[in-house]
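Just so it is clear, the structure is predicted and the values come from calculations on it, not from any experiment. Below, read A as the first sequence line, B as the second, and so on, with proteins coming before strands; counting in each chain starts at 1.
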There are 2 protein chains.
Amino acid sequence: MNIHDVAKKSGLSVVTVSRVLNNSPSVREGNRQKVLSAMEELNYSPNSAARSLVRGKTGVIGMSITNFNDSFYDRVIRVVNRKLAEQGYFLALSIAENEEEGVNFLFQKDRVDGIILLSPLEEKEYVEELKRRNIPFVLLDNQFRHEDVPSVVVDNYLGGYEATRHLIGLGHTKIAYIGGPSVFLSVAERKRGYLQALDEAGLAPFGTDSCGFTVSGGYEVAKRWAREDKLPTAFFCGDDFIALGLVQALREEGIRVPHDISVVGFDDQQFVGEFYPRLTTVRQPEAQMGSIGVELLMKLINGEVLPPAETKLAPQLLVRESTASVRLT
Amino acid sequence: MNIHDVAKKSGLSVVTVSRVLNNSPSVREGNRQKVLSAMEELNYSPNSAARSLVRGKTGVIGMSITNFNDSFYDRVIRVVNRKLAEQGYFLALSIAENEEEGVNFLFQKDRVDGIILLSPLEEKEYVEELKRRNIPFVLLDNQFRHEDVPSVVVDNYLGGYEATRHLIGLGHTKIAYIGGPSVFLSVAERKRGYLQALDEAGLAPFGTDSCGFTVSGGYEVAKRWAREDKLPTAFFCGDDFIALGLVQALREEGIRVPHDISVVGFDDQQFVGEFYPRLTTVRQPEAQMGSIGVELLMKLINGEVLPPAETKLAPQLLVRESTASVRLT
DNA sequence: ATGAAAGCGCTAACAG
DNA sequence: CTGTTAGCGCTTTCAT
């Protein structure tokens, strides 16, 4: 069932059929209809391998992800999917679990027209490999700076800064920071923002700690601090899960949020938003990140001049119910 | 940079190069080495569009998903990814959001060698379309029965039955069921199991209700029931999120779980497992579902005889800390 | 063990 | 506006 069958059936040549396939204007309306109905009858659809071969393009954009059980990733992926579809591209997701298999597959010029790396784990290796293979690609939420590679990141420093400013503005002076695993640049950046805000306000950090990006991590830290009777009046957490665990633990200790202690999270995880008190948090601009990423990649593919390598996006503080003015005791 | 360049560089013909590419034994070792090093030098990798075209296969399996912010999906996808890689196939994920765009793309015989539909939303349409296009495919966690289509589902009836039996075994007689949206067959099946278990024990259902698969859904139901002073001694929830919301609400009402009321969830959501009391829940056999699904698809692709259309897997009750013997008052 | 030739299904270049 | 010819990069007969 190929283009020749359609040609035969419609009484026209394969070239005309191809023209109809590609919406060429130079086909007489009558003939176009003939071709269309022949296709219909034959239940024909063009072979994409053949098209890719001759055109040198696949119409597919690959995206490598490490994890999807997370609102941030979820939102970015959905936006990318939509934007790509608008441009006539198809998104193929690949889980980077088995470093060898999956990504190497995607990393083939003829498999995809371009690649989006979202929070890549083995960032440097991937970047090098992709450059070597000469495949257009962009980085989203990456950790390091790379020359000549367009990337879109969130200004985590600013996020930490604003979260802390918010707390300071509420009169808090004893503010602690609980971050995630130190391998992440974002963790360090958020902390840097926190320290800067405090410094500007002439305050000393109350204390910092870290744990995994999990509810139980936050829970344990809070329990430990409570046990040691070392509690601030406000916590800035590097992640919503941590914040949620913290709130749970504090509640068990008879400490109310935000009445006794204020808590700020990070990421605006969907799920976490269903708990009371609704968490004040920092929302990352996923939609922007996704659409700018797609735009950059499209430019790269079309050979346009590339803009400055790194685009840094401002996150947004969402003030909700877990923060309040410090209690005057 | 194609096979001809390699041939020229190695001083052999394209056919020999092709043979090396395909591990044909009939190549003299010396020549194989020549070819290999030529490939290396040229940084050559074969064009997959050309291969697909001539072979009529792509080496790609498509999987259509609707949502990934969920442990059940996450686990199934990861297993499928691994199993497929073992077989030399690559998994391409596609979000079924924009029904038109995405899936229709995957639904092309020459794009993928086979398709896995995970909890498809527009199940019947997809099945029909895929049959029409004659693409090998399997259904995972589907809602309806289809002739001639291999599918793997979980025995939700059994899950509901066992969860309820567990509660009955703990001496509970006032047991309620809170299910999810009624469009899902799984919701009805879990309820059917619940009713059956009660019936066998000579008990009447205390009451049933339903809400979205969300924490807030469960929270609101519990608040409502508490307000109406209509509380059982045990809840069986059709979903962990609902169960979690329920526990939160009960706690706010001063009711302790499991001391005053026992709660059973469903799905063993990762995240939910981090809360105390750790939820007694029903775990779906994601690993089995994934690997059986892949096996079936492989058989289909290889033209083997298809086994009985539907494989029904038994879920597993995980007894943890949210259920206890009924209090004797 | 190796190679020449044909062809997978499609599009692009060039005629007419 | 339409068709003839060539070729994308690879694998597969079929000889040798």
Side-chain angles (χ1 to χ4, degrees), chain A residues 1-39 42-60 88 90 105 108-113 133-135, chain B residues 1-39 42-60 88 105 107-113 133-135:
Chain A
M1 191 61 37
N2 61 23
I3 199 172
H4 290 98
D5 299 317
V6 178
K8 203 169 297 170
K9 180 125 201 150
S10 61
L12 292 158
S13 77
V14 294
V15 182
T16 303
V17 175
S18 174
R19 289 198 177 105
V20 172
L21 238 28
N22 295 285
N23 296 313
S24 163
S26 71
V27 177
R28 200 170 300 159
E29 189 51 30
N31 289 339
R32 149 172 268 108
Q33 290 308 328
K34 276 187 202 164
V35 171
L36 254 19
S37 61
M39 286 179 178
L42 264 34
N43 188 17
Y44 165 83
S45 89
N47 181 300
S48 46
R51 296 184 114 172
S52 298
L53 178 56
V54 67
R55 297 209 274 224
K57 313 188 76 217
T58 62
V60 179
F90 174 74
F105 177 95
Q108 298 190 339
K109 197 175 189 135
D110 40 42
R111 288 280 183 193
V112 295
D113 295 341
R133 301 212 187 191
N134 210 24
I135 303 179
Chain B
M1 193 60 39
N2 62 23
I3 200 171
H4 290 99
D5 299 318
V6 178
K8 202 168 298 168
K9 181 127 202 147
S10 62
L12 292 158
S13 76
V14 294
V15 181
T16 303
V17 176
S18 174
R19 288 197 177 104
V20 172
L21 238 27
N22 295 284
N23 296 314
S24 163
S26 71
V27 177
R28 201 172 298 158
E29 189 50 31
N31 288 339
R32 146 171 271 108
Q33 291 308 328
K34 277 188 202 163
V35 171
L36 254 19
S37 61
M39 286 179 177
L42 263 36
N43 188 18
Y44 165 83
S45 89
N47 181 299
S48 46
R51 297 184 112 172
S52 298
L53 178 58
V54 67
R55 298 211 274 223
K57 311 189 79 218
T58 62
V60 179
F105 177 94
F107 284 16
Q108 298 191 337
K109 194 171 193 142
D110 40 44
R111 287 280 183 194
V112 294
D113 295 341
R133 301 212 188 191
N134 210 26
I135 303 178

Colleague: How close do B/Ser13 and B/Ala7 get, counting heavy atoms only, and between which atoms?
Modeller: C-CB, 3.7 Å
Colleague: Can you see which heavy atom on A/Lys9 is nearest to which on A/Ala38, and at what distance?
Modeller: CG-CB, 3.7 Å
Colleague: Where along residues 43-54 of chain B does a heavy atom come under 4.0 Å from DNA chain C, residue by residue in number order?
Modeller: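 Listed by number, they are B/Leu53, B/Val54.
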Colleague: Tell me the closest heavy-atom pair linking B/Val60 and A/Arg111, and the distance in Å.
Modeller: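 Closest pair (atom of B/Val60, atom of A/Arg111, distance): CG2-NH1, 3.8 Å.
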Colleague: Measure from CE on A/Met39 to C1' on C/dC10 and round the result to the nearest Å.
Modeller: 12 Å
Colleague: Within a strict 4.5 Å, meaning less than it, do heavy atoms of the B/Arg51 and B/Asn22 side chains meet?
Modeller: yes
Colleague: Can you tell me how far C1' of D/dC10 sits from NZ of B/Lys57, to the nearest Å?
Modeller: 16 Å
Colleague: Of all of residues 6-15 of chain A, which get a heavy atom below 4.0 angstrom from DNA chain D, listed by number?
Modeller: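 Listed by number, they are A/Leu12, A/Ser13, A/Val15.
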Colleague: Round to a whole Å and report the spacing from CZ of A/Arg19 to P of C/dC14.
Modeller: 14 Å
Colleague: Taking only N and O in the side chain of B/Asn2, is any of them less than 4.0 Å away from OP1 or OP2 of D/dC8?
Modeller: no
Colleague: Provide, to the nearest angstrom, the distance between the CE atom belonging to B/Met1 and the P atom belonging to D/dC8.
Modeller: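 Distance check: B/Met1 CE to D/dC8 P gives 14 Å.
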Colleague: Rounded to the nearest Å, what distance is computed from the CD1 atom of residue A/Ile3 to the C1' atom of nucleotide C/dC8?
Modeller: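 Between C1' of C/dC8 and CD1 of A/Ile3: 13 Å.
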Colleague: Is there a side-chain contact between B/Leu42 and B/Met1 in this structure, where contact means two heavy atoms from C-beta onward sitting under 4.5 Å apart?
Modeller: yes
Colleague: Are the side chains of A/Asn47 and A/Asn2 in contact, using a 4.5 Å heavy-atom criterion?
Modeller: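 Answer no - side chains too far apart.
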Colleague: Look at the side chain of B/Ser18 and decide which nucleotide, out of D/dC1, D/dT12, C/dG9, has an atom nearest to it.
Modeller: D/dT12
Colleague: Heavy-atom distance under 4.5 Å between the side chains of A/Ile3 and A/Tyr44, does that happen here?
Modeller: yes
Colleague: Quick one: does B/Ser18's side chain have a donor or acceptor within less than 3.5 Å of a partner on B/Val14's backbone?
Modeller: no
Colleague: Under 4.0 Å, heavy atoms only, any strand: does A/Ser26 hit a base, just the sugar-phosphate, or nothing?
Modeller: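 Touches a base.
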Colleague: Can you see if the side chain of A/Thr16 gets near the phosphate of D/dC1 - specifically, an N or O under 4.0 Å from OP1 or OP2?
Modeller: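 Result: no.
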Colleague: Under 4.0 Å, counting only non-hydrogen atoms across every strand here, what does A/Pro25 touch: a base, just sugar-phosphate, or nothing?
Modeller: sugar-phosphate
Colleague: Starting from P on C/dC10, measure out to NE2 on A/His4 and report it in whole angstrom.
Modeller: 8 Å
Colleague: Side-chain contact, heavy-atom cut-off 4.5 Å: B/Arg19 with B/Val35?
Modeller: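 No, side chains not in contact.
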Colleague: Hey, which sits more toward the 5' end of DNA chain C by its nearest nucleotide, A/Arg55 or B/Val27?
Modeller: B/Val27
